[in-house]
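We're numbering straight along the sequence, starting at 1.
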Amino acid sequence: MAEPAGRMLPEVTPDSRAFWTGGFENELRIYRCQSCRQWIHPPVGACWKCRSRDVAPEVASGRATVAAFSVNHHPWFPAFPPPYVVAAVELDEQPGVRLTTCLVDCDVDQVEIGMAVEVVFDEQDDVALPLFKPVSA
């Protein structure tokens, strides 16, 4: 996906590596507890629900719903010409598991709470950033 160069890239850690690199294989990898099967994001080394340390990345569907959003109109960085949408999307896999992301390939005036979206990846250096676009009809 073509996005302007110059994004601020995350630090890749042992816990976050699967999340930040899964997009190179077109996979949204989210940590999941192997004991209670709870999805966990952001990726950490233990389950917040049952406290198990038996957690590992699994491939999620990549489908989500817009839970909250903000349209930015200020030109903070040249790589992000306004307006653009920053959103919290809730994964279809489990209520309450949300990612903060940018919405792409949509008119900012058409974004709404409850809108179905799907992941697309912006490959930058050693990470594939998960962004979301409206689900194709």
- May I ask you to decide if R98's main-chain N or O and E90's side chain share a donor-acceptor pair within less than 3.5 Å? no
- Query: Can any side-chain N or O of Q38 pair as donor or acceptor with the backbone N or O of K49 at less than 3.5 Å?
  - Reply: no
- Inter-residue atom distance I30.CD1 - L99.CG, 0.5 Å rounding: 5.0 Å
- Under 4.5 Å between any side-chain heavy atoms of H74 and P82, yes or no? no
- Item | L131 side, atom CG; D105 side, atom CG - distance, nearest 0.5 Å | 9.0 Å
- Message: Out of the candidates F19, Y31, W48, only one should pair with H41 under the ring pair (Phe, Tyr, Trp, His ring centres under 6.0 Å) rule; please name it.
- Response: F19
- Residue pair E112 / V66: nearest heavy atoms and the distance that separates them: O-CB, 3.6 Å
- If every non-hydrogen atom of P57 is compared with every non-hydrogen atom of R29, which pair is closest and at what distance? CB-CB, 4.3 Å
- Query: Is V71 reachable from V89 through a run of I, L, V, M, F, W or Y residues, each pair having side-chain heavy atoms under 4.5 Å apart?
  - Reply: yes
- Item | Full working for side-chain contact (heavy atoms from CB on, under 4.5 Å) between W20 and T13 | CA-CA 9 Å; W20 292 122; T13 66; over 6 Å; no
- Task: Measure across P43 and S16 and return the closest heavy-atom pair with its distance rounded to 0.1 Å.
- Result: CG-CA, 3.8 Å
- Query: Would you say V55 and V97 are hydrophobically clustered, going by side-chain heavy atoms of ILVMFWY under 4.5 Å?
  - Reply: no
- When you measure from the side chain of E123 to the backbone N and O of F24, does any donor-acceptor pair fall under 3.5 Å? no
- Item | M115 versus P134, closest heavy-atom pair with distance | CE-CG, 4.2 Å
- Query: At what distance, to the nearest 0.5 angstrom, does CG of L103 lie from CD of Q110?
  - Reply: 12.5 Å
- Task: Could you please spell out the steps behind the side-chain contact (heavy atoms from CB on, under 4.5 Å) verdict for C47 and C36?
- Result: CA-CA 9 Å; C47 177; C36 73; 3.6 Å; yes
- Query: Checking Q94 side chain against D92 main chain: does a donor-acceptor pair fall under 3.5 Å?
  - Reply: no
- Query: Okay, side chain of T101, backbone of P130: is any donor-acceptor separation there less than 3.5 Å?
  - Reply: yes
- Query: Between L28 and F132, what is the shortest heavy-atom contact and its length?
  - Reply: CD2-CZ, 4.2 Å
- Message: Which heavy atom of C33 sits nearest to which heavy atom of I40, and what is that distance?
- Response: N-CD1, 3.9 Å
- Task: Could you give me the CA-CA distance, side-chain angles and deciding distance for F69 and I113, then say whether side-chain contact (heavy atoms from CB on, under 4.5 Å) is met?
- Result: CA-CA 8 Å; F69 70 94; I113 302 297; 3.8 Å; yes
- Evaluate the side-chain contact (heavy atoms from CB on, under 4.5 Å) criterion for residues R37 and E58: first the C-alpha distance (whole Å), next the side-chain angles of each, then the deciding distance (0.1 Å), finally the verdict. CA-CA 11 Å; R37 303 303 291 159; E58 289 189 17; 2.9 Å; yes
